[in-house]
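Order of the sequence lines sets the chain letters (A, B, ...), proteins ahead of strands, with each chain counted from 1.
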Protein chains: 2
Amino acid sequence: METKPHPPCPYPDVPSAEKHAHNFKRVRDAHRREIVEDYVEMIAELARVQDDVRTSHLAERFGVSNATVTNRVQRLVGDGLIEDAPYQPLVLTEKGRTIAQESRRRHVLVRDFLIALGVDPDIAEADTEGIEHHVSEETLAAFARFVDRGSAATETTAI
Amino acid sequence: METKPHPPCPYPDVPSAEKHAHNFKRVRDAHRREIVEDYVEMIAELARVQDDVRTSHLAERFGVSNATVTNRVQRLVGDGLIEDAPYQPLVLTEKGRTIAQESRRRHVLVRDFLIALGVDPDIAEADTEGIEHHVSEETLAAFARFVDRGSAATETTAI
DNA sequence: TACAATATTTAGCTTCAGCTAAGAATCTGA
DNA sequence: TCAGATTCTTAGCTGAAGCTAAATATTGTA
């Protein structure tokens, strides 16, 4: 865990107030998008491996109550990401599928990057869940470069 | 880092419901800690470069209203992280300083890692704000290894 | 010293994500 | 087929994080 011989104090410059405020606003925005992305991503994910996706399945996967899922799902229906059909399996709209694919892309890339870096696959999967919503396209590109560089040598993949 | 050669589709296995639920709970826990860590980290950070740290300074830095900061600060006073003194500058308690140092350590490590990976320093700083609360110790250690490996060659540092 | 300007806090509102408990719909098997 | 079990939704609550507007403190200066 040693780093370069940096100056006596471990603190470089403080960002300007404007940059700080901008960065924190970005984080708050990401938090607002997070549930939406998690839900459509999970629906798409489960749809790959089972016939029906039900609110109860999401409740189990997210570790929350059925009522909570129903409420969130109703919002997503309102946003036009899930088709409206009470008591029926959850089906993504075209728009929902698009967001799910984009989220999935980020998820897989972040996870594969962490694994390529030497992180245990289970831990990589866990950390990815929190990280994926906060990684810019630029950083994602840097992750991709690193994974590509490594895969010249070894064939990676996991979880 | 080797695992089975998975099928053609870009999707490896789906985690078990238990793992999924556990991971999402971890993310929700991290979100709850996030404001606490951001506040004490910011107070410590500003205290390095200016005489007084005021609620108005935090409001400016976080891009929120003064009233919001006052409310959050009162909670942190209740948690024993900030000394109680209305209308006075904000001062961390011993406990608050400990959390601030730990948060700062993660922040600096994540940021330096992204920079070492080739991400633009401003973007690294922005992404770090969202990422830092979601990185496990294991992943942090992998980041540190990578930075150390690189710093044998180049002298990095930034923002 | 007292008044105006500035800084901080309080009051009261909104939205969001979670919960439990109870009611409504669906499914299943005797 | 219909009764019981299961699943899903509704109703109504809590707590967190944000807001604006109004009240209160502090500070600086005439």
Integer-rounded Å distance: [N] [atom2] and [X] [atom1]:
{"X": "B:R33", "N": "D:dA17", "atom1": "CZ", "atom2": "P", "value": "13 Å"}
{"X": "B:Y87", "N": "D:dT24", "atom1": "OH", "atom2": "P", "value": "9 Å"}
{"X": "B:R54", "N": "C:dA7", "atom1": "CZ", "atom2": "P", "value": "10 Å"}
{"X": "A:D84", "N": "D:dC8", "atom1": "CG", "atom2": "P", "value": "15 Å"}
{"X": "B:L90", "N": "C:dA7", "atom1": "CG", "atom2": "P", "value": "15 Å"}
{"X": "B:D38", "N": "D:dG18", "atom1": "CG", "atom2": "C1'", "value": "15 Å"}
{"X": "B:Q88", "N": "C:dA7", "atom1": "CD", "atom2": "C1'", "value": "12 Å"}
{"X": "A:D51", "N": "C:dC27", "atom1": "CG", "atom2": "C1'", "value": "16 Å"}

Footprint string (nucleotides 12-18 of chain C, 5' to 3'): B base within contact, S backbone only, - free, heavy atoms under 4.0 Å:
----SBB
Mind checking if A:T70 touches a base, just sugar-phosphate, or nothing, with heavy atoms under 4.0 Å?
base
Looking only at side chains, do B:H57 and B:Q50 share a donor and an acceptor under 3.5 Å apart?
yes
Indicate whether the side chain of A:E125 and that of A:H107 have a donor and an acceptor atom separated by less than 3.5 Å.
yes
Is B:S56 near enough to C:dT8 that one of its side-chain N or O atoms lies under 4.0 angstrom from OP1 or OP2?
yes
Is any side-chain N or O of B:Q74 closer than 4.0 Å to OP1 or OP2 of C:dT8?
no
Test salt bridge (Lys or Arg N to Asp or Glu O under 4.0 Å), reference B:R106, set B:E137, B:E132, B:E41, output is B:E137
A:D29 and its side-chain hydrogen bond (donor to acceptor under 3.5 Å, both in side chains) partner, picked from A:R26, A:K25, A:R32
A:R32
Using a 3.5 Å distance criterion without hydrogens, assess whether the side chain of B:D52 forms a donor-acceptor pair with backbone atoms of B:P89.
no
Going from OG1 on A:T55 to CG on A:N66, what distance comes out if it is rounded to the nearest 0.5 angstrom?
5.0 Å
Quick one: which of C:dT8, D:dT20, D:dT9 gets closest to the side chain of A:N66?
D:dT9
Has B:H22 got more than 12 heavy atoms of other residues, nucleotides or ligands less than 6.0 Å from its NE2?
no
